[in-house]
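Taking it in order: structure first as structure tokens, then the write-up.
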Amino acid sequence: AANTLQQVYSMVDAMMLGHFGGVTGLAVLGTGSWPVWFMVSILTNFTQAGSIVLAKRYGAGQAEDLKTVAGNVYGVALGLCAALMAAGQLLARPVLLVQNTPPDVLEQAVLYLRILFGGMFLLFAYNVHAAFLRAVGDSRTPLYAITAATGVNIGLDLLFVAGFGWGAPGAALATVLAQGVSAVVCLRRVRAHPLFRVRRWHLKPERAVLREYFSLCVPM
């Protein structure tokens with residue numbers, strides 16, 4: 001249900017841009033859909049793999065090992081997030097040019113992608129913490145988080161796209177801010193969970209943990 005609700009972001013953006021942004025808004029959304037899908041797929045599968053590794057420790061009652069895994073997943077997520085954000089900013093225009101994006105929508109499409117990629121750390125934060133919670137049997141909090149974020153996204157789309165006339169960049173900003181809401185909801189729950197009280201020594205890279213983690217997330 002939570003994953004389905006995440007798709008509502010794109011549906012709402014398309015509806016708002018189609019109604020208030022015209023052909024240009026829909027064209028920007030269409031040209032940006034593949035780069036966004038590609039980046040989101042990478043981070044989603046990396047975080048889902050982390051959930052599997054964490055769930056194994058939780059099921060085995062290995063609380064200290066679970067914290068070590070969580071610390072290592074945090075480290076990988078930070079590195080991957082930084083790399084994807086940088087790549088998104090640098091490659092937004094070249095990717096759109098390779099896709100033969102029409103000149104009259106190119107600048108808006110570049111701005112649209114750069115806003116989304118610039119706020120990718122919020123999407124990472126939601127997915128990482130949602131994966132942590134699902135690993136220990138809490139699938140409700142991520143659902144509540146994404147439900148709240150969907151409502152915020154709809155409201156901000158109405159404000160930015162319909163009210164302010166910001167078009168596709170406004171839809172991108174609404175999506176980023178809504179993702180921030182979902183990230184905060186999950187982060188608060190993780191911080192309150194005793195199993196996820198990660199200390200500095202848990203952040204130290206562990207070769208065995210990273211090998212297990214990458215053996216899952218790379219194929220995914």
Side-chain angles (χ1 to χ4, degrees), residues 3-49 76-128 130 146 149-150 152-183 217-220:
N3 289 336
T4 301
L5 277 173
Q6 273 192 299
Q7 304 309 311
V8 174
Y9 283 116
S10 298
M11 294 171 58
V12 171
D13 288 348
M15 291 170 62
M16 292 292 178
L17 288 173
H19 191 72
F20 298 104
V23 176
T24 300
L26 283 177
V28 171
L29 193 66
T31 56
S33 62
W34 182 83
V36 172
W37 170 84
F38 182 73
M39 291 290 197
V40 170
S41 295
I42 292 175
L43 76 90
T44 300
N45 288 310
F46 267 77
T47 53
Q48 286 178 347
V76 172
L78 285 172
L80 181 62
C81 179
L84 288 179
M85 287 177 66
Q89 298 301 319
L90 292 172
L91 298 177
R93 185 180 296 274
V95 166
L96 291 171
L97 290 173
V98 167
Q99 293 181 186
N100 296 318
T101 302
D104 55 333
V105 301
L106 179 62
E107 295 307 320
Q108 267 206 57
V110 170
L111 181 57
Y112 173 78
L113 288 182
R114 285 181 171 163
I115 291 172
L116 286 178
F117 293 149
M120 185 166 282
F121 68 96
L122 294 171
L123 186 58
F124 256 96
Y126 164 73
N127 279 276
V128 167
I146 204 68
T150 301
V152 170
N153 188 51
I154 293 171
L156 291 179
D157 266 341
L158 285 169
L159 179 63
F160 295 161
V161 179
F164 296 164
W166 290 352
L173 182 59
T175 298
V176 168
L177 294 175
Q179 288 166 351
V181 170
S182 62
C217 65
V218 172
M220 290 173 67

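Numbers here are sequence positions counted from 1.
A heavy-atom distance below 4.5 Å is found between the side chains of V110 and L106. Put simply, the side chain of V95 does not reach to within 4.5 Å of the side chain of F38, judged on heavy atoms. V176 has its side chain within reach of L122: a pair of non-hydrogen atoms, C-beta onward, lies under 4.5 Å apart.
With sequence neighbours left out, E107 forms a side-chain hydrogen bond (donor to acceptor under 3.5 Å, both in side chains) with R93. For L80, the side chain to side chain contact (heavy atoms under 4.5 Å, CB included) partners two or more places apart in sequence, or in a different chain, are I42, F46, L84, F124.
Summarising the geometry of G118 relative to Q89, their closest heavy-atom pair is N-NE2, 3.3 Å, with the distance given to 0.1 Å. The two atoms that bring M39 and F117 nearest to each other are CG-CE2, 3.4 Å, heavy atoms only. Looking at every heavy atom in both residues, V28 comes nearest to A109 through CG1-CA, 3.6 Å. The heavy-atom pair separating A27 from V105 by the smallest distance is CB-CG1, 4.0 Å. Between A168 and Y112, the shortest heavy-atom contact is O-CD1, 3.2 Å. In plain terms, the two heavy atoms of P169 and L111 that are nearest each other are CG-CD2, 3.6 Å.
For residues 32-47, the pairs satisfying side chain to side chain donor-acceptor pair (under 3.5 Å) are W37-S41, with sequence neighbours left out. Applying the salt bridge (Lys or Arg N to Asp or Glu O under 4.0 Å) test to pairs two or more places apart or on separate chains, none has a residue in residues 18-43. Among residues at least two apart or in separate chains, there is no salt bridge (Lys or Arg N to Asp or Glu O under 4.0 Å) pair with a member in residues 154-176. Applying the salt bridge (Lys or Arg N to Asp or Glu O under 4.0 Å) definition to pairs two or more places apart or across chains, none involves residues 5-27.
With rounding to the nearest 0.5 angstrom, the CZ atom of F160 is 10.5 Å from the OG1 atom of T175. For the atom pair M120 CE and I115 CD1, the distance stands at 13.5 Å (nearest 0.5 Å). With values rounded to the nearest 0.5 angstrom, L97 atom CG is found 11.5 Å from L91 atom CG. With rounding to the nearest 0.5 Å, the separation of CE in M16 from CG in L26 is 12.5 Å.
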Intermediate values then yes/no, side-chain contact (heavy atoms from CB on, under 4.5 Å), L177 and V181 | CA-CA 7 Å; L177 294 175; V181 170; over 6 Å; no

* Start with the C-alpha distance between L156 and L173, add both sets of side-chain angles, then the distance that settles side-chain contact (heavy atoms from CB on, under 4.5 Å), and finish with yes or no. => CA-CA 8 Å; L156 291 179; L173 182 59; over 6 Å; no

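Residue M15 qualifies as open at atom CE: its count of foreign heavy atoms under 6.0 Å is 12 or below.
In this structure, Q179 contributes its side chain and Y126 its backbone to no donor-acceptor pair below 3.5 Å.
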